[in-house]
Novice: 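Sharing a structure below in C-alpha cells format, with a few things to ask.
Please read these numbers as outputs of a predicted model, since none were measured by experiment. Below, each value reflects all heavy atoms present in this structure, side chains not excepted, and no hydrogens, waters or symmetry copies.
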Amino acid sequence: WLYDINSETTTSGSYKGTIDVAETPEPNAMTELTQDQKDAIEQSSKLTVDMKAEKKTESELESEVKKSIEDLVKNENADKALYIDLSVSAKVEGVEGTTNITELKAPMDITIDIPEDVHKRGKKFRVIRHHKKDGKHKTEKIDATMSPDGKKIRFKTDRFSTYAIIYEEEAEVHTHTLSDWIVTKAATEQEVGTKVKKCTECGEILETEEIAKLAHVHTPGEWIVTR
C-alpha cells in the first residue's frame, strides 16, 4: 500500500483477561476484504479490525476439535488451562457490512493474560491452535513466550479459530546431600568389593568406588620335617 492507512484494532468478547494486539494488520494481509472495502481504504476510509476472544468450556467444543486438542495435550505431557476462540473481523467506514478474517498473510502479535485461577509460579504455559480449512482439521503447537512475571503469554498467529493455553508444572531443582561411604559388597581375598555414596534424601547413587581385594595373611603351621 503506497498511502497512509487510517486504521485501529479493538478487542471484545467474553474473555475477562486483557488481550493486547501489537499493531493492526495491513489491508494487503487480509485477502478476504471485499473490493468495496479495499477501494474505500484507498480513499482513506477508516479500517477497524476487531479481535474477539470468547472463553470456551469443553462442552462447547466440537467433539473432533476437543479430541484433536486433547491428543496433542497428552503428547505434550501437559494439562489444559483454558480454551479461547479467537476471531477477527474487519469493518471499513462507509462500507456496509463486516468481513470475517480467518487467515492473514502476515501474523498478528498477540499478548494474553493468564487467568489468576490458573496462574502460579513454576508453571510453564504453551499455546495450541486448532484450525479448520476446507473441511480439514489441523492442531499444532505454536511458539510462545512468557512475560518475566509469568502472568502473560505472547505469540504470533495468522489463523483464527480455537486456541488452548496449556501448562505443565516445572520440576523443582533438587540439591543432593552426600552420605558417608556405604559398603554394598565386602572385599575378599578373591574379589574386589564396592562402596557407594548416596543422596540422603532421594537415595540416588552419586559416587561408586571399588574396595581392593584383601591381602592374604599367612598362618604358620606345625613344623614339618622335610629331611
Novice: Answer yes or no: is there a donor N or O on one side and an acceptor on the other, between the side chain of Gln37 and the main chain of Thr34, under 3.5 Å?
Specialist: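 Yes; judged by distance alone, with no hydrogens or angles, the pair exists.
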Novice: On a heavy-atom basis, which atom in Met108 and which in Pro25 lie closest, and how many Å separate them?
Specialist: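 So the two residues come closest at CE-CD, 3.8 Å.
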Novice: Hydrophobic clusters here meaning ILVMFWY residues chained together by side-chain heavy-atom distances under 4.5 Å, can you tell me if Val49 and Val92 are in one?
Specialist: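 Hydrophobic grouping puts Val49 with Val92.
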Novice: Taking Lys91 for the side chain and Val95 for the main chain, is one N or O donor matched with an acceptor at less than 3.5 Å?
Specialist: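 Pair found, side chain donor or acceptor close to backbone of Val95.
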Novice: Using only heavy-atom distances, determine whether the side chains of Glu191 and Thr188 contain a donor-acceptor pair under 3.5 Å.
Specialist: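 Looking only at side-chain atoms, Thr188 and Glu191 do not form any donor-acceptor pair under 3.5 Å.
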Novice: Does either side chain, that of Asp149 or that of Ser147, offer a donor lying less than 3.5 Å from an acceptor on the other one?
Specialist: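 There is such a pair between these side chains.
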Novice: Closer than 4.0 angstrom, basic N to acidic O: yes or no for Glu207 and Lys195?
Specialist: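 No, Glu207 and Lys195 are not salt-bridged.
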Novice: Is the closest side-chain heavy-atom distance between Asn100 and Phe160 below 4.5 Å?
Specialist: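 With C-beta onward as the side chain, the pair stays apart.
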Novice: Report yes or no: do Leu72 and Ile84 belong to one cluster of Ile/Leu/Val/Met/Phe/Trp/Tyr joined by side chain heavy-atom distances under 4.5 Å?
Specialist: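 No: no chain of side-chain contacts under 4.5 Å links Leu72 to Ile84.
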Novice: Does the side chain of Glu58 reach to within under 4.5 Å of the side chain of Tyr83, using non-hydrogen atoms?
Specialist: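 With C-beta onward as the side chain, the pair touches.
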Novice: Just do the side chain to side chain donor-acceptor pair (under 3.5 Å) check on Asp39 and Gln35 with the steps written out, would you?
Specialist: CA-CA 6 Å; Asp39 292 341; Gln35 190 58 51; 3.0 Å; yes
Novice: First locate atom OG1 of Thr162, then atom CD of Glu60, and finally report the distance between them rounded to the nearest 0.5 Å.
Specialist: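 One gets 10.5 Å once the value is rounded to the nearest 0.5 Å.
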Novice: Mind checking whether Val73 and Asn75 have side chains closer than 4.5 Å, heavy atoms only?
Specialist: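 Contact flag for Val73/Asn75 side chains = no.
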Novice: Write down the atom of Glu32, the atom of Thr102, and the distance for their closest heavy-atom approach.
Specialist: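 Where Glu32 meets Thr102 most closely, the heavy atoms are OE2-OG1, 2.6 Å.
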Novice: Please tell me if the side chains of Ile19 and Thr111 come closer than 4.5 Å, counting only heavy atoms from C-beta onward.
Specialist: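 Side-chain contact under 4.5 Å: no.
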Novice: Tell me which one of Glu62, Lys67, His130 satisfies side chain to side chain donor-acceptor pair (under 3.5 Å) with His137.
Specialist: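 The residue from Glu62, Lys67, His130 that satisfies side chain to side chain donor-acceptor pair (under 3.5 Å) with His137 turns out to be His130.
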Novice: Any non-hydrogen side-chain atom of Ser89 less than 4.5 Å from a side-chain atom of Ile101?
Specialist: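 Not touching, per the 4.5 Å side-chain cut-off.
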Novice: Ignoring hydrogens, what is the shortest heavy-atom contact between Ala106 and Ala29? Give both atom names and the distance.
Specialist: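 Taking every non-hydrogen atom into account, N-CB, 4.0 Å.
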Novice: Is any side-chain heavy atom of Ile114 closer than 4.5 Å to one of Met146?
Specialist: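 Touching, per the 4.5 Å side-chain cut-off.
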Novice: Stepwise, does the side-chain contact (heavy atoms from CB on, under 4.5 Å) test hold for Ile110 with Met51?
Specialist: CA-CA 10 Å; Ile110 301 168; Met51 171 166 285; 3.4 Å; yes
Novice: Going by the salt bridge (charged side-chain N to carboxylate O under 4.0 Å, His left out) test, name the single residue among Asp143, Asp109, Asp20 that passes it with Arg154.
Specialist: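 Of all the options given, the one that passes is Asp109.
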Novice: Taking C-beta and beyond as the side chain, do Tyr15 and Lys52 meet within less than 4.5 Å on heavy atoms?
Specialist: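 No, side chains not in contact.
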Novice: Rounded to the nearest 0.5 Å, what's the gap from CD1 on Ile205 to NZ on Lys197? Could you check?
Specialist: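 Ile205 CD1 to Lys197 NZ: 14.0 Å, rounded to 0.5 Å.
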Novice: When you look at CD of Glu209, are more than 12 heavy atoms from neighbouring residues, nucleotides or ligands closer to it than 6.0 Å?
Specialist: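 Yes.
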Novice: Mind running side-chain contact (heavy atoms from CB on, under 4.5 Å) on Cys202 and His176 for me, showing each step along the way?
Specialist: CA-CA 8 Å; Cys202 70; His176 294 300; 3.5 Å; yes
Novice: Classify the side-chain pair Glu103/Thr31 by whether it contains a donor and acceptor separated by less than 3.5 Å.
Specialist: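 No, no side-chain donor-acceptor contact under 3.5 Å.
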Novice: Please report the C-alpha distance between Val127 and Tyr163 in whole Å, then the side-chain angles of each, then the deciding distance to 0.1 Å, and finally whether the side-chain contact (heavy atoms from CB on, under 4.5 Å) criterion is met.
Specialist: CA-CA 7 Å; Val127 176; Tyr163 287 75; 3.8 Å; yes
Novice: Nearest 0.5 Å, please: how far is NZ in Lys138 from OG in Ser68?
Specialist: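 Those atoms lie 11.5 Å apart.
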Novice: Would Glu204 and Lys198 satisfy side-chain contact (heavy atoms from CB on, under 4.5 Å), going step by step from the backbone distance to the final call?
Specialist: CA-CA 5 Å; Glu204 181 179 343; Lys198 297 183 179 182; over 6 Å; no
Novice: Is Arg129 paired with Glu140 through a side-chain N to carboxylate O contact shorter than 4.0 Å?
Specialist: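 Counted as a salt bridge, because a side-chain N and a carboxylate O are separated by less than 4.0 Å.
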Novice: Any idea which heavy atoms bring Ile142 and Lys156 closest together, and the distance?
Specialist: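 Minimum heavy-atom separation between Ile142 and Lys156: CD1-O, 4.1 Å.
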Novice: Between Ala187 and Leu214, what is the shortest heavy-atom contact and its length?
Specialist: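 Scanning both residues completely, I find the closest heavy atoms to be O-CD1, 3.4 Å.
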Novice: Are any non-hydrogen side-chain atoms of Leu33 and Pro27 less than 4.5 angstrom apart?
Specialist: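 Counting from C-beta outward, Leu33 and Pro27 do come under 4.5 Å.
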Novice: Rounded to the nearest 0.5 Å, how far does CD of Glu42 lie from OG of Ser44?
Specialist: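 It comes to 9.5 Å.
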Novice: Closest heavy-atom contact between Lys105 and Asn28?
Specialist: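 Heavy atoms of Lys105 and Asn28 come nearest at CD-O, 3.6 Å.
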Novice: Flag yes if Ile182 and Leu206 sit in one hydrophobic cluster, no otherwise; membership is Ile, Leu, Val, Met, Phe, Trp, Tyr, and two members link when side-chain heavy atoms are under 4.5 Å apart.
Specialist: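 Result: no, two separate clusters.
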Novice: Report whether Ile69 and Leu82 are members of the same hydrophobic cluster (ILVMFWY, side-chain heavy atoms less than 4.5 Å apart, transitive linking).
Specialist: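 They do not share one cluster, since no chain of ILVMFWY contacts under 4.5 Å joins Ile69 to Leu82.
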Novice: Should we count CD of Glu23 as having more than 12 external heavy atoms under 6.0 Å?
Specialist: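 Result for CD/Glu23: open.
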Novice: In this structure, would Val65 and Leu86 fall into the same cluster of hydrophobic residues linked by side-chain contacts under 4.5 Å?
Specialist: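 As far as the 4.5 Å side-chain criterion goes, Leu86 and Val65 are not connected within one cluster.
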Novice: Kindly say whether Thr194 contributes a backbone atom to a donor-acceptor pair with the side chain of Thr184 at under 3.5 angstrom?
Specialist: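 Such a contact is found between Thr184 side chain and Thr194 backbone.
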